Amino acid sequence: MNYGPLIFLAALFALSGSWLGFVVTPSFQLGTLQQTNTVGAGLTYPLARPGLAQQGLQVYRANGCVYCHSQMVTQERTLCEVVLTEAGTNTTALVAALHKLNPNYNQEALDAVLKSLPKTVVFNTTKTKADAAVKELTQTTAKAQVVITPAGPDIARGWGKRRSVAEDYLYDYPTLPGAQRVGPDLANAGARLPDVNWHLRHLYAPAAEVKGSTMPPYRFLFELRKAGLTPSTQALQLSPGIAPSGWEVVPRPEAVALATYLASLRADAPLYSTPLSSAPTASASADTNAPAGGANLSTNAPAAK
Amino acid sequence: MSQKQPSPSRAEAPLPGGALDTPAWAFPLLLLLAGAAFWLVVSSGFSLIASIKFHSANFLADCAELTYGRVRAVGTNAFLYGFCVPAGTAFGLWQFARLGRSRLPLPGLIAVGTGFWHVGVATGLLGILRGDLSGFENLEMPGYAVPLLFLGIVVLGLWGCLALHERQQTVLEASHWYSLAALFWFPWIFSTASLLLFTFPLRGIAQSVIAWWYSGNLLIVWMGLVGLGALLALLPLATGSRQRHLALFIFWTLLLFGSWVGIPSAAPLPAWMPVTSRVFTVLLLVPACAVAVLLVGSNSKERDLEVPPFLRFAGGFFVLYGLIVSIGAFLHLDTVTQFTWFKPALEMLGGYGFFGFAIFGAIYSVLPKLLTLEWPYQKLIRAHFYLALAGLLFATVPWFAGGVVQGLDWRNPNVSVVEVSARALKFLRPATLGEFLIALGNVLFLVNVGAALFCYIRRAVMGFIARTIAPAGVGVKL
């Protein structure tokens, strides 16, 4: 039973197969990834994190935050809807078109739709059908647009507006998508909680900021200083009873960097790889050239507000 | 060992000569194993600390070196690089060495490789405690420890090739193929991953792809090769020609399918990568079922044979692991179990249940023959087995259950984050008992290996004294 050479070749083939597939190909396909433009506003995405936030990424890595927090929003489907934004002048034709699109509409429902624009008129459809519907509606001089909304448990939980994509991690080293969620996902931590001071207070005493939190305190990122007559400007504004009395809590540079990094985390720019429409408004025209407005189109611009 | 051995896969052939004539390579190999046993205890100690932190968030929280993330990383890395890799490599080297003459060239190479490797592990673990962990799961070793580890494994592998070259029996058994492939597989994946993650880091998420690929190859292919190699070498599995073909079939399918496993389905990557990975994960069913057939076939024939209990269970755990992984991928259950305690439970089932048990069984049955001495504490072997089995059950069952509950909770946006975490704690806390039992069992293992090392050294010293002093007429009472 000397299959020696054959077995050796088979092993070599197996290993080089997976090596070509999951090492060489990704390093070309993803390792050469470049910045892209956001849909709509056309802003460059992503921007490199500011220096302090980059240092914060290293604090995040060094303390193994990744074992409890993922930075990877999942998405299970996209909802495609048609929203009527303006009724136009030819109401009869519009009503006919709407009735054709949705035979369930009776007169009352149609009146209600026309009174409270913008209104979703076609639910849960495909992109092709939605485009056809928009075409039909605009022929009646009305204005309508397709709205694509990503959906899934993470998005329902408010952890993000869309799934995470390769571009979101472009400038990170190391990339920390994480594998476990002992606590919440942080891909959009900065979008939810843009206040650096909140993050500092939360790192010092998590349970004081989030009732029932099981996160361990990171007191070693702070130092205790004897409180003087006037409190230090850098000291945390903690609720009474959290810091030992007579002492004030001053964040070390690592804590400031980490909090800045957490506040910089947001991955909600609309990209071609993850279509995401802005919420339509009645006044603004549906032009795609319109300047970026609303939260949906904001990119990873500095989060401090 | 000049005459041909009829059945080298049985581990029954006695080593030649009297008690003092153990081959020169035995001692460095014993050192490699003793180091592995030491790191195993370190690993379970740190995992236990990490587990206790779920009982009190304030436990050791004021020390940066002992924060949960670092302690947990030390726990997994001490297990993977401290225990699994050296112990698995030692078993492979033993297999090749005993194919040949008792005098193999350059036994010092094992000592050199052992030195580099264990110093590398110590450097890496201290680095993790200092906060230099890389952030890539299952490869947290800091970049500066990697050259030492690489040098160590290459020197050890080199000696393995030398031993194989010097063999007297030309035909290799199935188990030798497993060990040989493992000997090459690890340096390949380890060097690829460390070059693309540390030396010339790739841009963006490509880093994570490499890390996932490496993890899958280490935990499934490398561990599968070593663990199944040990089972094939020590259990009467590959006796007939049919079973040998089956063993080769398992070998191929494990390499072919296992090497693509590991990219999570939710990964922020072009869709073809997670999809390809899922397909190959489903295909893991093939080697898992083949191993089941092999085990069942052998059981019925030689049931009365005295078999170390560790080895019997290891095969079962491999089948269980393969079934859970592949069926889960087929039914898309990972959309629930991803990001939960299900994953650590699976890794413990594969890493400790399958690989650990296989290597414990191998060491317990091989080392006495290698050193021509009995285990100093026979009863502790049995105690270790029961502790390990109970620990595995008490740790993985709550984790599996907690993982499912947690996964369902994460899918329900009405359950708040705090509630999800609080509910998961109810499952995590009992698992500490499992971690404790495992740690206790590992201590017993270390005690036995340490005592064997002590006996071996004492015997060698006494022998040396007897040979040099006694002939000169000086009475030395041994």
Side-chain angles (χ1 to χ4, degrees), chain A residues 1-4 7 10-11 14-15 17-19 21-23 26-27 29-33 61-68 70 72 74 76 153 156-157 163-166 168-184 206 210-220, chain B residues 53 57-58 61-64 67-70 72-73 131-137 171-172 177 181 185 188 192 196 201-210 213 241 244 248 251-252 255-256 259-260 263-264 266-270 273 276 339-340 343 410-413 417-418 421-422 424-425:
Chain A
M1 198 190 67
N2 196 5
Y3 298 125
I7 297 169
L15 183 47
S18 100
W19 191 73
F22 278 169
V23 175
S27 50
Q29 191 181 0
L30 296 169
T32 58
L33 204 66
R61 167 193 61 74
N63 292 299
C65 306
V66 70
Y67 299 113
C68 296
S70 61
M72 169 156 65
T74 66
E76 294 190 343
R157 207 173 258 286
R163 71 187 172 96
S164 298
V165 289
D168 297 334
Y169 307 83
L170 191 60
Y171 290 120
D172 287 347
Y173 176 73
T175 50
L176 298 162
Q180 225 183 325
R181 287 173 179 166
V182 180
V210 179
K211 201 165 180 294
S213 168
T214 52
M215 179 170 136
Y218 285 81
R219 290 187 288 257
F220 59 83
Chain B
K53 279 171 181 280
N58 280 311
D62 288 333
C63 178
T67 191
Y68 174 75
R70 298 189 193 175
R72 177 175 158 155
D132 292 340
L133 63 162
S134 71
F136 300 110
E137 212 158 339
V171 177
L172 293 177
W177 283 111
W185 207 273
W188 187 343
T192 301
L196 295 179
L202 287 173
R203 201 173 192 205
I205 199 70
Q207 297 158 25
S208 295
V209 181
I210 305 298
W213 171 84
S241 104
R244 287 203 190 102
L248 276 181
F251 176 77
W252 278 2
L255 296 191
L256 208 57
S259 55
W260 293 78
I263 298 201
L269 300 175
M273 292 181 199
T276 313
F339 303 122
T340 69
K343 195 172 165 278
W410 279 139
R411 291 184 65 80
N412 181 0
V417 171
V418 169
S421 309
L425 282 187

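The model shown is predicted, which means the values in this text are computed figures rather than measured ones.
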Proximal component of [X], with respect to chain B [non-hydrogen, under 4.5 Å]:
X      : value
A/Y173 : both
A/S70  : side chain
A/D172 : backbone
A/L33  : backbone

- Task: Keeping the roles fixed (side chain from B/W410, backbone from A/R181), state whether a donor-acceptor pair exists under 3.5 Å.
- Result: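 Yes, because the side chain of B/W410 sits within donor-acceptor range (under 3.5 Å) of the backbone of A/R181.
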- Is B/R203 reaching over with its side chain to a backbone N or O of A/L30, donor-acceptor style, under 3.5 angstrom?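 Absent.
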Using a 4.5 angstrom heavy-atom cutoff, name the option from [options] with the most pairs to chain B.
options                       : result
A/G183, A/A62, A/P206, A/S213 : A/A62
A/G178, A/G17, A/C65          : A/G17
A/D168, A/V210, A/T74         : A/T74

Under a 4.5 Å cutoff for heavy-atom pairs, which residue among [options] has the most contacts with chain A?
options                       : answer
B/F251, B/Y68, B/W252         : B/W252
B/A266, B/S259, B/A181        : B/S259
B/L255, B/N58, B/D62, B/L425  : B/D62
B/R72, B/E137, B/K343         : B/R72
B/L256, B/T276, B/D132, B/T67 : B/T67
B/L196, B/V417, B/L133        : B/L133

Considering non-hydrogen atoms only, spot the tightest contact between [X] and [Y] and give its length.
X      : Y      : answer
B/A206 : A/G31  : CB-N, 4.0 Å
A/P177 : B/I205 : CG-CD1, 4.3 Å
B/P268 : A/Y169 : CG-CE1, 3.3 Å
A/Y67  : B/A73  : OH-CB, 3.5 Å
B/W213 : A/S18  : NE1-OG, 2.9 Å
B/A57  : A/P217 : O-CD, 3.6 Å

- Task: Mind checking the CG-CE spacing from B/L269 to A/M72? Nearest 0.5 Å is all I need.
- Result: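 It is 8.5 Å, given to the nearest 0.5 Å.
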- Query: Between atom OG1 of B/T192 and atom CH2 of A/W19, what is the distance when rounded to the nearest 0.5 Å?
  - Reply: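 Going from the OG1 atom of B/T192 to the CH2 atom of A/W19 covers 6.0 Å.
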- Query: Checking side chain to side chain contact (heavy atoms under 4.5 Å, CB included) against A/P26, which of B/L202, B/I263, B/V209, B/I210 comes through?
  - Reply: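 The residue from B/L202, B/I263, B/V209, B/I210 that satisfies side chain to side chain contact (heavy atoms under 4.5 Å, CB included) with A/P26 turns out to be B/V209.
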- Side chain, backbone, both or neither: which part of B/A424 has an atom under 4.5 Å from a heavy atom of chain A?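 Neither; nothing under 4.5 Å.
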- Message: Given heavy-atom pairs under 4.5 angstrom as the criterion, report whether the side chain, backbone, both or neither of B/R411 touches chain A.
- Response: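 Both the backbone and the side chain of B/R411 come within 4.5 Å of chain A.
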- Task: Side-chain contact test, heavy atoms from C-beta onward, threshold under 4.5 Å: evaluate it for B/K53 versus A/P216 and give yes or no.
- Result: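 B/K53 does not reach A/P216 side chain to side chain.
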- Task: If the plane angle is over 60° it's perpendicular, under 30° parallel, otherwise tilted; pick one for A/F22 and B/W260.
- Result: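 Perpendicular, since the angle between the ring planes exceeds 60°.
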